[in-house]
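Have a look at the structure below, then the notes.
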Amino acid sequence: MRGITISYMRIAMDADCLIKLTKAGIKEKVCAAWTVSIPVLVLQETVERAPHLPDAVRISENIAVGRVAVQAVGENQAKGDDAVLGLYQGGGFDAVATDDARFIRRLRGLGVPYALPAVIVVRLRMDGALNGDQAGQALAALRQHISADQHAAALLMLSGGMLP
């Protein structure tokens, strides 16, 4: 039997991705496998502006128990994306997790590695943090929140025999 190695990653995550992973029910798996950090502005965008929403409650609980780290970066920024980029540029991160097309174009231009929510599902499956059924369920839950192209590419990777 082959051993499973989970590739450790440090991710600076934006509000869009954090909410989508929460809706898909895999944020806890992501946080268990990797270090997920958000700037204060993302905390404000996801929790403080609508604390009664189910996603906000789950994110707040994850912050309270240390699954999601909040870093005091970018408080003077106007947008969460700027704060996330500042967090990443501060060092110690492998990638930015986002699903915002405009932010992705900016990250590409700067040469900053990024991960889309569906790619995160595939990566967790590749690393053994999700089994095939869990990855399929997560991708199905993400379907209504991500682009058709992103969903199709991830589904192809998950079902096309490309993963162990």
Side-chain angles (χ1 to χ4, degrees), residues 4-47 55 58-59 62-63 65-75 77-131 134-136 138-139 141-143 145-158 162-164:
I4 295 174
T5 303
I6 296 178
S7 300
Y8 177 76
M9 294 191 55
R10 286 193 44 155
I11 302 292
M13 191 172 289
D14 75 356
D16 189 45
C17 190
L18 186 61
I19 290 167
K20 288 177 182 180
L21 294 175
T22 301
K23 288 182 181 300
I26 63 162
K27 180 180 40 60
E28 284 75 13
K29 289 280 191 178
V30 174
C31 293
W34 302 337
T35 297
V36 175
S37 296
I38 61 171
V40 172
L41 195 50
V42 170
L43 169 67
Q44 293 168 349
E45 290 175 351
T46 58
V47 175
D55 296 337
R58 287 192 296 264
I59 292 167
N62 288 157
I63 290 167
V65 297
R67 286 189 189 117
V68 175
V70 178
Q71 296 196 14
V73 171
E75 293 94 341
Q77 301 293 333
K79 294 179 9 181
D81 294 348
D82 294 332
V84 171
L85 182 58
L87 179 60
Y88 172 84
Q89 290 174 328
F93 292 92
D94 299 302
V96 169
T98 185
D99 195 37
D100 182 287
R102 188 174 306 149
F103 191 31
I104 290 168
R105 283 191 299 275
R106 185 172 172 204
L107 294 172
R108 281 184 187 152
L110 294 170
V112 173
Y114 63 92
L116 303 167
V119 170
I120 292 171
V121 171
V122 171
R123 179 67 187 261
L124 289 176
R125 173 66 182 107
M126 290 172 64
D127 292 347
L130 295 176
N131 66 33
Q134 291 169 325
L139 191 57
L142 276 173
R143 185 176 191 162
H145 305 290
I146 61 176
S147 73
D149 289 344
Q150 187 183 154
H151 180 265
L155 188 59
L156 178 64
M157 291 181 74
L158 288 175
M162 300 173 78
L163 301 175

### Query
Quick one: CD on Glu28 to OG1 on Thr22, what's the gap to the nearest 0.5 Å?
7.0 Å

#### Entry: Inter-residue atom distance Ile19.CD1 - Arg58.CZ, 0.5 Å rounding
11.0 Å

### Task
To the nearest 0.5 angstrom, please state how far the OH atom of Tyr88 sits from the CG atom of Leu110.
10.0 Å

### Query
Are any non-hydrogen side-chain atoms of Met126 and Val122 less than 4.5 angstrom apart?
yes

### Message
Ignoring hydrogens, what is the shortest heavy-atom contact between Phe93 and Ile11? Give both atom names and the distance.
### Response
CD2-C, 3.6 Å

### Query
So do the side chains of Met9 and Arg123 get within less than 4.5 Å of each other, counting heavy atoms only?
yes

### Task
Show the numbers, then the answer: is there a side-chain contact (heavy atoms from CB on, under 4.5 Å) between Met13 and Leu21?
CA-CA 11 Å; Met13 191 172 289; Leu21 294 175; 3.6 Å; yes

### Task
Under the side-chain contact (heavy atoms from CB on, under 4.5 Å) rule, what do Ile104 and Leu116 come out as? Steps first, then yes or no, please.
CA-CA 9 Å; Ile104 290 168; Leu116 303 167; 3.3 Å; yes

### Ala118 backbone acceptor or donor facing Gln150 side chain under 3.5 Å
yes

### Glu45 to Ala15 - nearest heavy-atom pair and separation
OE1-CB, 3.3 Å

### From NZ (Lys29) to CG (Leu130), nearest 0.5 Å
6.0 Å

### Task
Decide if atom CZ of Arg143 counts as having more than 12 heavy atoms of other residues, nucleotides or ligands within a radius under 6.0 Å.
no

#### Entry: Donor-acceptor contact present, side-chain Asp99 to main-chain Cys17, <3.5 Å
no

### Message
Ignoring hydrogens, what is the shortest heavy-atom contact between Leu142 and Lys20? Give both atom names and the distance.
### Response
CD2-O, 3.5 Å

### Task
Can you tell me which residue pairs pass the side chain to side chain donor-acceptor pair (under 3.5 Å) test with a partner in residues 102-116, sequence neighbours excluded?
Asp82-Arg106, Arg108-Tyr114

### Query
Taking the side chain from Gln71 and the backbone from Ser37, do they hold a donor-acceptor pair closer than 3.5 Å?
no

### Summary
All heavy atoms of Pro113 vs all of Asp94, minimum pair found to be CG-O, 3.2 Å

#### Entry: Criterion side-chain contact (heavy atoms from CB on, under 4.5 Å) on Lys23 and Asp55, from CA distance to verdict
CA-CA 7 Å; Lys23 288 182 181 300; Asp55 296 337; 2.7 Å; yes

### Query
Step by step, would you call Leu107 with Leu85 a side-chain contact (heavy atoms from CB on, under 4.5 Å)?
CA-CA 8 Å; Leu107 294 172; Leu85 182 58; 3.9 Å; yes

### Query
Less than 4.5 Å apart, any side-chain heavy atom of Phe103 and any of Asp16?
no

#### Entry: Nearest non-hydrogen partners of Ala141 and Ala24, listed with the distance
CB-CA, 3.6 Å

### Query
Rounded to the nearest 0.5 Å, how far does CD1 of Ile26 lie from CG of Leu124?
6.0 Å

### Message
Measuring from atom CD1 of Ile38 to atom CG of Leu87, what distance do you get when rounded to the nearest 0.5 angstrom?
### Response
9.5 Å

